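Counting starts at 1 for both ligands and their atoms, in listed order. Values reported hereafter were calculated over all heavy atoms of this structure, with side chains retained and with hydrogens, waters and symmetry mates removed. This is a predicted model, so every value here is computed, not measured.
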Amino acid sequence: MEKIALASDQGGFEQKEALKPVIEALGYEVVDFGVPSTDSVDYPDVIYPAAKAVANGEFKRGIILCGTGIGASIVANKVRGIRAALVTSPEVATLTREHNDSNILAMAGRTTPFETNKDIVEAWLGTPFNEDDRHSRRINKIKDIETMEGR
Ligand code: RB5
């Protein structure tokens, strides 16, 4: 069973908790990297370990949340090998899997309704990468940039 790394700060805590059974019902095992409550934390502290676990190959994919999804996605995208997509609609969830082979889904726990995030998770987890040459070429260019930037 594929394992999904799941993490949020306090801004995404409630939706993280509510999304766990949704992800499990789709046939995945969830590993929760925190946070365990709505107590205030700094989002880099909780998102970085989850992103690193995906980059290390311990997980193929991860799902992260903060209030807007922006801080979480910025942190995750600092990690070499991570392609985190901040998604606010199911249509974009499908497109980012097909075009970017995003390996982390970032969502907004405060500004996107739960029902929408549920649909986003389902679309994102259920969509394979479209291995068309042009998409692979573009992803390889992202990897080249990581190398040039020393990441
Ligand atoms: C925390 O208050 C908030 O800044 C955080 O959840 C996130 O939205 C940052 O981008």
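- Within 4.0 Å of ligand 1, protein heavy atoms come from D9, Q10, Y43, C66, G67, T68, G71, R110.
- In the hydrophobic clustering, I70 connects to I74, L86, either directly or through intervening members, whenever side-chain heavy atoms lie under 4.5 Å apart.
- Counting non-hydrogen atoms of other residues, nucleotides and ligands closer than 6.0 Å to CG of D144 gives a total above 12.
- Qualifying side-chain hydrogen bond (donor to acceptor under 3.5 Å, both in side chains) partners for E2, counting only residues two or more places apart in sequence or in other chains: R61.
- Residues satisfying the salt bridge (charged side-chain N to carboxylate O under 4.0 Å, His left out) test with E115, not counting sequence neighbours, are K118.
- Atom CD of E98 sits in a crowded spot, with more than 12 heavy atoms from other residues, nucleotides or ligands closer than 6.0 Å.
- Atom CD1 of I139 is separated from atom CG of N100 by 6.5 Å, given to the nearest 0.5 angstrom.
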